[in-house]
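Beneath this line is the structure, given in structure tokens, with notes to follow.
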Amino acid sequence: MIAAVLPTYNRAPLAFARGEGSWLFTEDGQRYLDLGSGIAVNALGHCPPELVEVLTRQAGRLWHVSNVYTILEQEALAERLVAHTFADTVFFTNSGTETAELAIKMARKYHSDNGQPGRIAFVALEGAFHGRSTGAIAAAGSEKMVKGFGPLMPGFSHLPWGDWEALLAAVTDEICAVIVEPIQGEGGIRPVPDQVLRDLRAKCDATGTLLIFDEVQCGMGRTGRLFAHEWANVAPDIMMVAKGIGGGFPLGALLATERAASGMTAGTHGSTYGGNPLGCAVGARVVDIVSDPAFLAEVGRKGALLRQGLEGLVAAHPKVFEQVRGEGLMLGLKCRIPNTDLVRAGYAAGLLTVGAADNMVRLLPALNIPDEDIAEALRRLDQAATAVTPT
Ligand SMILES: *Cc1c(COP(=O)(O)O)cnc(C)c1O
């Protein structure tokens with residue numbers, strides 16, 4: 001008999017009753033050090049007092065009003081994002097997937113309004129992840145995600161990871177937009193080299209193609225900059241943001257330049273819940289905290305600390321680990337044993353990590369994880385690695 005909850009996940013037999021900082025507690029009081037953060041969502045840890053305060057204050061005042069009215073909390077958050085980024089304008093959603101949908105619509109509308117309605121083709125990368133809607137799975141293109149769901153939205157081609165010349169050559173004056181994650185998350189913590197991001201920007205400019213960065217996972221301070229593309233010193237035309245921006249409250253944002261967004265006039269897009277006062281009030285506090293240069297410098301320092309420990313683990317467990325990849329607190333361990341074995345051994349050691357493609361185990365701790373929790377995480381990872389070492 002099918003489970004009451006649609007069984008689209010292979011769930012671990014773990015259920016949590018409470019969270020605090022980097023820790024999750026089961027009903028019977030067992031505690032787990034959380035290096036997954038709900039897949040980079042709980043950016044400030046579980047139940048951070050400053051977000052609980054904002055959320056409960058807003059909950060006593062106003063939860064929801066329609067987007068047919070002015071929403072002051074939404075304007076306040078949009079103004080912050082515009083002030084801190086390349087963007088001139090922002091549309092709020094409840095998820096990353098919805099930002100993918102709008103990115104696709106916005107890019108096609110831009111060319112349509114500029115006399116090229118047939119310019120609908122997107123270039124994307126193999127291993128990409130942009131969400132689970134029919135448009136987003138077409139954008140990602142992997143067999144596992146699309147099989148049985150066709151016909152897919154036409155117009156997406158996928159270039160092999162690492163063949164950067166082929167990627168650049170695919171960007172022509174017939175392409176609508178390029179969509180890339182500056183660091184692939186689900187694809188296995190794979191950073192696109194900074195120079196490739198710069199070359200893509202130049203090729204897009206030369207051909208009139210729009211550049212879309214999906215920073216749903218790598219953005220919001222995760223790499224030690226507010227957005228990962230800042231490391232390469234390039235800006236996109238359109239950017240997808242979600243996950244960390246709500247600190248655990250469902251919130252996404254599509255950021256764009258005035259030029260790229262020029263076709264999105266009244267009536268061309270909408271959302272019932274997107275940009276509701278609860279989510280935007282929390283998001284504004286998250287952005288205030290994470291955009292502080294001192295906070296971002298701490299993310300960099302903590303990331304270096306964790307990375308140094310991980311390099312030590314790779315050296316100590318050569319049969320288990322191959323390498324460390326990533327930036328800031330978006331790190332991954334490439335395994336020589338099945339990554340799922342290590343994740344499971346982590347559970348036994350009271351440690352939560354998440355798998356990714358390319359046999360990676362992802363480490364995405366709270367951006368404010370205390371140094372002592374980093375040290376404890378390394379001890380528990382060492383324990384898990386010892387448990388799965390082949391004899
Ligand atoms: C998680 C993710 C998405 C989809 O976000 P949802 O909130 O699950 O819809 C899109 N792109 C990237 C890079 C992601 O990591």
Side-chain angles (χ1 to χ4, degrees), residues 6 8-9 11 35-43 91-107 122 124-142 144-146 149 153 156 158 161 177-192 197 211-223 227-229 236 238-255 271 273-276 279 282-283 286 325-332 353-358 360-365 367:
L6 189 72
T8 59
Y9 279 89
R11 294 171 193 271
L35 294 195
S37 306
I39 326 276
V41 167
N42 302 98
F91 183 90
F92 293 105
T93 67
N94 312 288
S95 69
T97 299
E98 292 164 88
T99 66
E101 290 300 313
L102 176 53
I104 292 165
K105 286 176 66 176
M106 183 182 282
F122 291 83
L125 274 174
E126 280 178 10
F129 184 80
H130 302 298
R132 295 293 196 158
S133 64
T134 52
I137 61 174
S142 83
K144 170 178 102 173
M145 268 186 277
V146 305
F149 298 116
M153 180 190 284
F156 292 89
H158 301 92
W161 179 267
V178 180
I179 176 167
V180 291
E181 296 156 80
I183 303 179
Q184 283 190 347
E186 304 303 311
I189 313 289
R190 296 198 292 189
V192 176
L197 295 180
L211 182 57
I212 303 170
F213 285 159
D214 180 347
E215 293 230 15
V216 168
Q217 194 161 150
C218 62
M220 284 309 296
R222 185 58 40 201
T223 67
F227 291 102
H229 68 261
I238 296 172
M239 178 168 69
M240 298 155 56
V241 178
K243 294 207 164 93
I245 191 172
F249 195 95
L251 176 66
L254 194 283
L255 280 63
S271 171
Y273 292 124
N276 67 79
V282 175
V286 173
R325 285 209 298 256
E327 187 69 56
L329 285 171
M330 184 175 188
L331 294 171
T353 60
V354 277
D358 199 29
M360 293 291 283
V361 167
R362 271 178 289 178
L363 311 170
L364 308 161
L367 302 180

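Throughout, numbering of the chain's residues begins at 1 and tracks the sequence. Atoms within a ligand are numbered from 1 in the order they appear, just like the ligands themselves.
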TODO: Give me the one residue out of Asn94, Leu102, Asn276 that meets side-chain contact (heavy atoms from CB on, under 4.5 Å) with Ser271.
DONE: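 Of Asn94, Leu102, Asn276, side-chain contact (heavy atoms from CB on, under 4.5 Å) with Ser271 is met by Asn94 alone.
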
What atoms in ligand 1 come closer than 4.0 Å to a heavy atom of [X]?
{"X": "Ser95", "value": "7 (O), 9 (O)"}
{"X": "His130", "value": "10 (C), 11 (N)"}
{"X": "Asp214", "value": "10 (C), 11 (N), 12 (C), 13 (C)"}
{"X": "Gly131", "value": "4 (C), 10 (C)"}
{"X": "Gln217", "value": "15 (O)"}

Task: Residue pair Glu181, Arg190: steps toward the salt bridge (charged side-chain N to carboxylate O under 4.0 Å, His left out) verdict - done: CA-CA 9 Å; Glu181 296 156 80; Arg190 296 198 292 189; over 6 Å; no

TODO: Using the side-chain contact (heavy atoms from CB on, under 4.5 Å) rule, take Phe149 and Thr134 through it: C-alpha gap first, then chi angles, then the decisive distance, then the call.
DONE: CA-CA 8 Å; Phe149 298 116; Thr134 52; over 6 Å; no

TODO: Quick one: sort the Phe213 and His229 rings into parallel, tilted or perpendicular, breaks at 30° and 60°.
DONE: tilted

When you measure from [atom] to every protein heavy atom, which one gives the shortest distance, and what is it?
{"atom": "atom 5 (O) of ligand 1", "answer": "Gly96 CA, 3.3 Å"}
{"atom": "atom 9 (O) of ligand 1", "answer": "Thr97 OG1, 2.5 Å"}
{"atom": "atom 15 (O) of ligand 1", "answer": "Lys243 NZ, 2.6 Å"}

- [ ] Could you pull out the closest heavy-atom pair between Gly244 and Ala43, with the gap in Å?
- [x]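 Heavy atoms of Gly244 and Ala43 come nearest at O-CB, 3.8 Å.
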
Open item on the list: How close do Lys243 and Val216 get, counting heavy atoms only, and between which atoms?
Closed with: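 Heavy-atom minimum between the residues: CB-O, 3.2 Å.
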
Open item on the list: Checking the side chain of Ser37 only, and the main-chain atoms of Leu364 only, is there a donor and an acceptor separated by less than 3.5 Å?
Closed with: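 Flag set: sc Ser37 to bb Leu364 pair under 3.5 Å.
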
TODO: Say whether, by atom type as modelled, one donor and one acceptor occur between the side chain of Arg362 and the main chain of Ala40 under 3.5 angstrom.
DONE: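 No: the side chain of Arg362 does not pair with the backbone of Ala40.
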
Open item on the list: Checking the N or O distance criterion of under 3.5 Å, is ligand 1 in contact with Phe129?
Closed with: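 The answer is yes, given that Phe129 and ligand 1 share an N or O pair closer than 3.5 Å.
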
Task: Test of proximity, Ala242 against ligand 1: N or O pairs below 3.5 Å - done: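 So ligand 1 has no N or O lying under 3.5 Å from an N or O of Ala242.
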
Open item on the list: Residue-level breakdown please: for Glu181 versus ligand 1, do any non-hydrogen atoms fall below 4.0 Å on the side chain, on the backbone, on both, or on neither?
Closed with: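 Contact part for Glu181 vs ligand 1: side chain (C-beta onward).
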
